[in-house]
Amino acid sequence: MRYVVWTIRLIIFIAVLLFAYHNVTPVDVVFYDGVSLSDVPLIVVLLVTFVIGAVFGAILMMPGRWRRWRESGRLRKDLSKAKSSARPTTEKAAQGSPATPSDVAPL
């Protein structure tokens with residue numbers, strides 16, 4: 001499986017490399033109020049745009065991640081409380097004899 005993953009990564013890398021090689025045409029990037037950059041390679045513009053989009057997407061996903069992280073911590077705490085309260089408390093259970101249905105708490 002590891003070889004398949006590395007083969008796919010190599011194919012993607014070669015595809016991106018060929019894409020970059022074919023997009024070296026200089027372009028003019030015009031910002032607001034007449035501010036512009038001239039003769040910037042097209043691949044640089046595409047890569048900068050991709051990075052800005054990836055960072056923006058990661059920032060937008062952070063609130064959901066934080067919410068799931070907090071909920072996971074709360075659930076772990078609840079689970080540890082439930083495990084500690086489920087320990088045998090009767091004398092029969094402490095002695096190793098089987099518990100009767102009246103000794104077990106209902107779910």
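Residue numbers count from 1 along this sequence. What you are looking at is a predicted structure, and each value in this text was computed from that prediction instead of being measured.
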In chain order, what residues pass the salt bridge (Lys or Arg N to Asp or Glu O under 4.0 Å) check against D33, with sequence neighbours excluded? none
Check: D39 side chain, V27 main-chain N or O, donor-acceptor pair, under 3.5 Å: no
Could you grab the distance from atom [atom1] of [X] to atom [atom2] of [Y], nearest 0.5 Å is fine?
X   : Y   : atom1 : atom2 : answer
I8  : Y3  : CD1   : OH    : 15.0 Å
I11 : T7  : CD1   : OG1   : 6.5 Å
L18 : N23 : CG    : CG    : 11.0 Å
L47 : I52 : CG    : CD1   : 11.0 Å
E71 : D78 : CD    : CG    : 10.0 Å
L79 : K81 : CG    : NZ    : 12.0 Å

Students should find that the hydrophobic cluster of L60, defined by side-chain heavy atoms under 4.5 Å apart, otherwise consists of F56
Please go through V24's hydrophobic cluster and name the other residues, only I, L, V, M, F, W, Y counting, with side-chain heavy atoms under 4.5 Å joining them. none
I'd like to check F31 versus L37 (side-chain heavy atoms, cut-off strictly below 4.5 Å). Are they in contact? yes
If the test is side-chain contact (heavy atoms from CB on, under 4.5 Å), which one of V51, V44, L46, V45 qualifies with V48? V44
Do V16 and I43 share a hydrophobic cluster, counting only Ile, Leu, Val, Met, Phe, Trp and Tyr and linking them when any side-chain heavy atoms are less than 4.5 Å apart? no
